[in-house]
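Heads up, the thing below is written out as structure tokens.
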Amino acid sequence: MYIYDSVKKEKLKFVPLVPNEATIYVCGPTVYDDAHLGHARSSLSFDLLFRTLKSLGFSVNFIRNFTDIDDKIIKKMQDSSKSLKEITEYYIQRYNEDMDAIGITHPTLTPKATDNLEAMEDMINILMQKNIAYKISNGDIYFDTSKDNIYGKLSNKVSEDTLSRIESVSEKRNVKDFALWKACSKNDSVCFEASFGKGRPGWHIECSAMIQKHTKPVDGYSIDIHGGGADLLFPHHENEASQSRCATGHELAKYWMHNGFVQIDGEKMSKSLGNSFFLKDTLEIYNGEIVRFYLSSIHYRNDFNFNEEDLLNSKKRLDKLYRLKKRVFDVSVSEPSLDFKKSLLEAMSDDLNISVALSIIDEMIAKSNEGLDANPNDKNIKKEILANIEFINELLGFGYQNPFEYFQLGLEAKLKDQINVLLEQRAKAKLEKNFELADKIRDELKAMDINIMDTANGTFWEKIS
RNA sequence: GGUGCUAUCGCCAAGCGGUAAGGCCGCAGCCUGCAAAGCUGCUAUCCCCGGUUCAAAUCCGGGUGGCACCUCCA
């Protein structure tokens, strides 16, 4: 397995801290709103990593958190007069629904910030004891970045000019110091007890504390891989790495991976532009698997330009897999082709090269169709093809649907019956060489948006999308 | 202003120094009663200029264009 380390900026051989094991921590969403396409892409990127490592035989410990304390959540509370828990639980559930819809494997652990306040308190206490953290007059606690002589190394982004953009608080020792704890005032609705005063944690400390709590350091690192969106490198990951290093005496992660961004029709995704923003909006129109296939079809590090035309073109590629699956759906699975499995894994082992993986699948489809054209009823060929498709699903998370239902999605049973009756009539007409009637029926079906095809494996029909 | 990414066929997109994968679209053929589906074949010298090298889309320098982040946004 080779992965691109976005801090070292090179592709590296993945050497896990513990042989055959991998611990991955990915920054999850702040749950104050529904998941957007960017969340989907991030989840998808690391889901592919998760699946690939598992397929390679690693025992993977995959952690993805929920940030359920945050200014945006507090604002939502004020706007909606709902409690913190009401809001976060609602959006966590919605998030999980969306991720299920696009076939994201469940992480091994999904810690919430609110369940790990003690770990954060401990870490802040350690930093205060070391005089790396300090309290200012209003009760806020800051991290003293000057105590970490390699602060800024991770992102390489701390310039004078960057600093001028950071919020200035006069009592901070250094401009780049960041909040570990924000003291609460009397009318603050969200307030937690801690030995150093009431308040709530800063954003960065939660990930550090949860990693510290849920993992065991090996060889000077807490975890193997830390992941997240490209925007998180600075300041979030820089700060995480720094405070963890200072508090624990070892590095946070051996490898860092960052996924690229999603744009809509070439524009930055934002509410003000009114471009389709939420994953749910897309899922209302398209099946989750189609969205998954489209969003994962481009390398995770590249920026992704989402548009409907490309989505539909990408669906045509997935259709081909399902047309093949229709041809072999009447047998039980055997073992996938070793060559196919090996080359697919090899592609994904190269920093998740999905493009090469998809081209290998396309070649498999063409070869399989060729084999089936020559031997339409060869059970061994069919079994292996079906097994290949199952392996695709295991590794990449698509191709799992019943192939007939895939092409008939959203049609009512009554209509399906009607179609079947027409197909029987057409089959009879064809048998009697009454091609005029057969073509008339086909036109009738076409008018109903149904496409039919006579293959060596029988007559199939599809809903035209 | 700082930091970084990027420019490959009409569209999407691999390529990581050894002579351009794959998908969509298009054209031709095979198959088919005709279609559809499937299969086969055809379609690019890689933004521009210079350099390094036996050899560059791939490395270096300079342009030009696109984008992102630097604002607790994945």
Side-chain angles (χ1 to χ4, degrees), chain A residues 4 6 9-11 26-30 33 35-46 67 70-72 155-167 178-179 182 202-204 206 227-236 239 258-263 266-270 294 297-299 301-303 305 307 309-320 323-324 326-327 347 350-351 353-363 365-374 430 433-436 438-439 442-443 446 451-457 459-462 464:
Chain A
Y4 183 86
S6 39
K9 298 197 186 305
E10 57 181 331
K11 206 185 273 184
V26 175
C27 291
T30 300
D33 211 338
H36 56 234
L37 294 171
H39 290 114
R41 180 144 151 84
S42 182
S43 299
L44 228 29
S45 301
F46 292 102
T67 297
D70 181 83
D71 287 354
K72 287 187 171 154
S155 61
N156 192 28
K157 260 187 188 152
V158 190
S159 66
E160 287 308 310
D161 220 77
T162 295
L163 294 181
S164 68
R165 293 173 180 240
I166 296 174
E167 179 196 16
F178 54 91
K182 291 182 177 180
W203 179 36
H204 314 300
E206 71 169 86
D231 56 330
L232 295 180
L233 186 53
F234 185 85
H236 186 52
N239 293 348
H258 292 92
N259 65 275
F261 261 48
V262 177
Q263 288 155 251
E267 287 185 313
K268 187 186 163 106
M269 187 167 59
S270 78
Y294 174 50
S297 66
I298 290 170
H299 190 86
R301 270 190 281 125
N302 289 150
D303 282 340
N305 185 17
N307 74 74
E309 195 186 327
D310 288 351
L311 185 149
L312 289 170
N313 284 340
S314 139
K315 178 185 177 299
K316 287 180 186 167
R317 202 174 187 179
L318 183 60
D319 288 350
K320 287 170 66 164
R323 289 204 187 99
L324 174 64
K326 276 199 291 197
R327 300 184 71 176
D350 180 18
D351 194 36
N353 194 332
I354 189 83
S355 294
V356 168
L358 293 179
S359 73
I360 291 166
I361 291 171
D362 288 329
E363 276 162 28
I365 293 173
K367 254 190 188 161
S368 299
N369 277 319
E370 207 182 346
L372 287 172
D373 285 344
K430 271 182 72 178
K433 302 232 186 278
N434 185 351
F435 296 123
E436 204 180 321
D439 291 349
R442 185 168 62 201
D443 289 344
K446 192 135 199 169
N451 206 12
I452 59 175
M453 47 212 69
D454 301 320
T455 77
N457 295 81
T459 297
F460 296 132
W461 63 272
E462 295 175 4
I464 298 168

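These numbers were taken from a predicted model, which means no experiment stands behind them. Protein chains get the first letters and strands the later ones, always in sequence-line order, with residue 1 at the start of each.
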Roughly how far apart, to the nearest Å, are [N] and [M] at atom [atom1]?
N: B/U8; M: B/A20; atom1: C1'; value: 8 Å
N: B/G10; M: B/G4; atom1: P; value: 33 Å
N: B/A14; M: B/C59; atom1: P; value: 16 Å
N: B/G62; M: B/A68; atom1: C1'; value: 24 Å
N: B/C47; M: B/A13; atom1: P; value: 15 Å
N: B/C46; M: B/G15; atom1: C1'; value: 10 Å
N: B/C12; M: B/C49; atom1: C1'; value: 30 Å
N: B/U19; M: B/G61; atom1: P; value: 26 Å

Under a 4.0 Å heavy-atom criterion, the protein footprint on nucleotides 11-23 of chain B, written with B, S and -, is SSSSSB----BBS

Per-nt protein contacts along nucleotides 28-33 of chain B (heavy atom under 4.0 Å; B base, S backbone sugar-phosphate only, - none) come out as -----B

[N] pairs with which nucleotide, Watson-Crick or G-U wobble, both distances below 3.5 Å?
N: B/A68; answer: B/U3
N: B/C59; answer: B/G51
N: B/A13; answer: none
N: B/C31; answer: none
N: B/A21; answer: none

So, are A/Asp362 and A/Arg317 salt-bridged, with charged N and O less than 4.0 Å apart? yes

Short N-O contact, A/Asp373 and A/Arg327, less than 4.0 angstrom: yes

Once you round it to whole Å, what is the distance between [atom2] of [N] and [atom1] of [X]?
X: A/Ile464; N: B/A37; atom1: CD1; atom2: C1'; value: 12 Å
X: A/Leu233; N: B/A68; atom1: CG; atom2: P; value: 17 Å
X: A/Ile365; N: B/A37; atom1: CD1; atom2: C1'; value: 13 Å
X: A/Leu372; N: B/G38; atom1: CG; atom2: P; value: 13 Å
X: A/Asn259; N: B/C5; atom1: CG; atom2: C1'; value: 14 Å
X: A/Asn369; N: B/A36; atom1: CG; atom2: P; value: 17 Å
X: A/His236; N: B/C69; atom1: NE2; atom2: P; value: 17 Å

Side-chain H-bond candidate by donor/acceptor type, A/Arg323 with A/Asn369, under 3.5 Å:
no

Could you tell me which non-hydrogen atom of [X] sits nearest to which non-hydrogen atom of [Y], and how far apart they are?
X: A/Asn259; Y: A/Ser42; answer: OD1-OG, 3.2 Å
X: A/Gly38; Y: A/Val262; answer: CA-CG2, 4.0 Å
X: A/Gly228; Y: A/Phe46; answer: N-CZ, 3.3 Å
X: A/Asn451; Y: A/Lys446; answer: OD1-NZ, 4.1 Å
X: A/Lys11; Y: A/Asp350; answer: NZ-OD1, 2.7 Å
X: A/Gly260; Y: A/Arg41; answer: O-NE, 3.5 Å

Should the ring pair A/His204 and A/Phe178 be called parallel, tilted or perpendicular, given that the plane angle runs from 0 to 90° and is split at 30 and 60?
perpendicular

Looking at every strand, decide which applies to [X] at a 4.0 Å heavy-atom threshold: base, sugar-phosphate, or nothing.
X: A/Gln263; answer: sugar-phosphate
X: A/Gly202; answer: nothing
X: A/Thr67; answer: nothing
X: A/Val26; answer: nothing
X: A/Ala366; answer: sugar-phosphate
X: A/Arg323; answer: sugar-phosphate

Sequence neighbours excluded, the answer for salt bridge (Lys or Arg N to Asp or Glu O under 4.0 Å) partners of A/Asp454 is A/Arg426, A/Lys430

May I ask whether A/Phe261 stacks on the base of B/A68, given the cut-offs of 5.5 Å between ring centres and 30° between planes?
no

Notebook entry, point to check: With a 4.5 Å heavy-atom cut-off, do A/Lys326 and A/Asn457 have their side chains touching?
Noted result: no

Walking RNA chain B from its 5' end, the first of A/Lys9 and A/Ile452 to be reached, judged by nearest nucleotide, is A/Lys9

With the side chain defined as heavy atoms from C-beta on, A/Arg327 is closest, among B/A36, B/A74, B/G38, to B/G38

